[in-house]
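Each chain gets a letter, A, B and so on, in the order the sequences are listed, and its residues count up from 1.
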2 protein chains.
Amino acid sequence: MSGSEFSSQVDISSLKVACKDCNLYQLCLPLGLENDDLERLDSIIKRRRPVKRHAFLYQSGDIMKSIFAVRSGSFKSYTLTDDGTEQITGFSLPGELIGLDAISSGQHISTAKALEMSHVCEIPFEKLEELSNAIPGLQRQLLRIMSKEIAHDQSAILLSKKSAEERLACFIISLVNRYEARGFSAKEINLTMSRVEIASYLGLAVETVSRVFSRFQQDGLMSVNRRSIEINKIDKVHILAGTKPSTN
Amino acid sequence: MSGSEFSSQVDISSLKVACKDCNLYQLCLPLGLENDDLERLDSIIKRRRPVKRHAFLYQSGDIMKSIFAVRSGSFKSYTLTDDGTEQITGFSLPGELIGLDAISSGQHISTAKALEMSHVCEIPFEKLEELSNAIPGLQRQLLRIMSKEIAHDQSAILLSKKSAEERLACFIISLVNRYEARGFSAKEINLTMSRVEIASYLGLAVETVSRVFSRFQQDGLMSVNRRSIEINKIDKVHILAGTKPSTN
DNA sequence: CGCGCAGTTGACGTGCTTCAACCGCCGTGG
DNA sequence: CCACGGCGGTTGAAGCACGTCAACTGCGCG
């Protein structure tokens, strides 16, 4: 419920909005920029491209020309194994940048696919690089965002040491934190990804994910109905996840 | 054997070497810089600080003033759980940058500890930021390195989906690739980290790591003697790891 | 209305963890 | 010089958490 409202609110209200009026301003690339600088960034951004559910933003092997800011909706990033199974490396929410892993090699090493009807702002990377040379604040923010991504990925590495319960708890906490940072109460969240996708991300079997969700519900931590989740005892989830303070 | 030779070679020959003469030049931050620009970078770097085995480069919670380039030796990065166990998030080899995860928050979220006698170049971050505003090539290289780190961390996330054999194979391949990039034949490598540390990084029990090493040896993939490893059938290790081409 | 896919639940097998004993290298001190 | 203690590493045996296989449910869509 809250998840889809989230999406549609942003979609409808912001299709033609400039960075300075965007409600994701303080999460996104322009943070810290003002007036002129903000407008210069604004001018290179190809704004508000809609991406249909299940459409690709880019595919593994594509030349990286742009990075993307999620404006509304959500994405999954994944690679394929030799036998063709998806291996999900992350999910992206509004205000987050996708494609940063491709800067080094110049081509995308993963595929990004919309989980729902979404919108992105396309940021041509070459121009972004030029511009962040000219605007110190932009360079700083770009470095910050990349650093945050590194920190986030490293906390995801820690998942491999954890039990199924801990993994799912961490996953939920991460979602809650990110939704909260976007100004949502996040007591109830609407998952835009399937159990299979969650399982792939967490390195578990679908059945295990399903069972752990059921156990969480039995223990009164949350009520789960397919993709809509209402969290009742966030403290206990935090304890399970082993992350009292905010994770992000 | 080859590992420690590796370290000492670099140590001895390079204590007073400027970036332009450093044999890690093409892996490190200065890549692509020339003459003036290179010297300006050189001038802000506090060079060649020795770090004793088991000494900290920084600890979790420290204010991040500098990032570090490994000059020789190796480091582990880790966080602690509530019950005080190390959770290793990565290992750093010569030519690699440590501390990038701290840019976002301004303080270190992990601890970096030398696995052996090592040397680092300290790079004051504020000055680096200023300088990379002035030198486009430096900004580009910094972004590249951070992107590479993101890509590397994301491939580490995939570990949680893999079996013990696959995890260890991936780990070895990653080391081999990185040693090779540094110009070493890498048929024989000398691990600078203990089994416990490998196990922590891979999310396995020590005993499992030990057993898998034994199995690899029985199958003739490599000969293992404590920390020195000679790889005989790198192809088969690649197959196990599921990474035919280079991983990095 | 009925097909199909997403999700759940149960029964069973197994790969990894845990617990425990043991080995061998290395440094220290007698 | 050897004896000893300790730590890093290996190996074996037993238990358990998770994966696999399979059946079932309920929602959504044509």
Ring-plane angle category for A:His108 and A:Tyr58, please: parallel below 30°, perpendicular beyond 60°, tilted otherwise. parallel
Can you measure B:Arg227 atom CZ to D:dC7 atom P for me and round it to whole angstrom units? 14 Å
Just call it for B:Thr208: base, sugar-phosphate, or nothing, with non-hydrogen atoms closer than 4.0 Å on any strand. base
Do any side-chain nitrogens or oxygens of B:Arg167 fall under 4.0 Å of OP1 or OP2 in C:dC16? no
Nearest whole angstrom, please: distance from the P of C:dG7 to the CD of A:Gln217. 15 Å
Measure the distance from CG on B:Asn225 to P on D:dG9 and round it to the nearest whole Å. 11 Å
When we call it a touch if two heavy atoms are under 4.0 Å apart, what does B:Ser210 touch: a base, just sugar-phosphate, or nothing? base
Whether the side chain of A:Glu207 and the base of D:dC18 hold a donor-acceptor pair under 3.5 Å is what I'd like checked. no
Rounded to the nearest angstrom, tell me the gap between atom CG in B:Leu168 and atom C1' in C:dC16. 14 Å
Any side-chain donor-acceptor pair under 3.5 Å between B:Ser77 and B:Ser110? no
Polar contact flag, side-chain donor to acceptor under 3.5 angstrom, A:Glu122-A:Ser66: yes
Does A:Arg211 get its side chain close enough to the base of C:dG10, under 3.5 Å, for a donor-acceptor pair? yes
Side chain to side chain donor-acceptor pair (under 3.5 Å) between B:Glu188 and B:Ser228: does it pass, once the steps are laid out? CA-CA 7 Å; B:Glu188 38 187 54; B:Ser228 74; over 6 Å; no
side-chain contact (heavy atoms from CB on, under 4.5 Å) test vs A:Phe216 passes for just one of A:Ile231, A:Val237, A:Leu240, namely A:Leu240
What is the distance, to the nearest angstrom, from the NZ atom on A:Lys161 to the P atom on C:dT17? 12 Å
How many whole angstroms separate atom CD1 of A:Ile229 from atom P of C:dA6? 17 Å
The nucleotide from D:dG8, C:dT8, D:dC18 with an atom nearest the side chain of A:Leu204 is D:dC18
Whole-Å gap separating P (D:dG9) and CE (B:Met193): 11 Å
With nearest nucleotide decided by heavy atoms, which residue, B:Arg226 or A:Arg215, maps closer to the 5′ end of DNA chain D? B:Arg226
Which whole-number value in Å describes the distance from A:Arg53 CZ to C:dC5 P? 14 Å
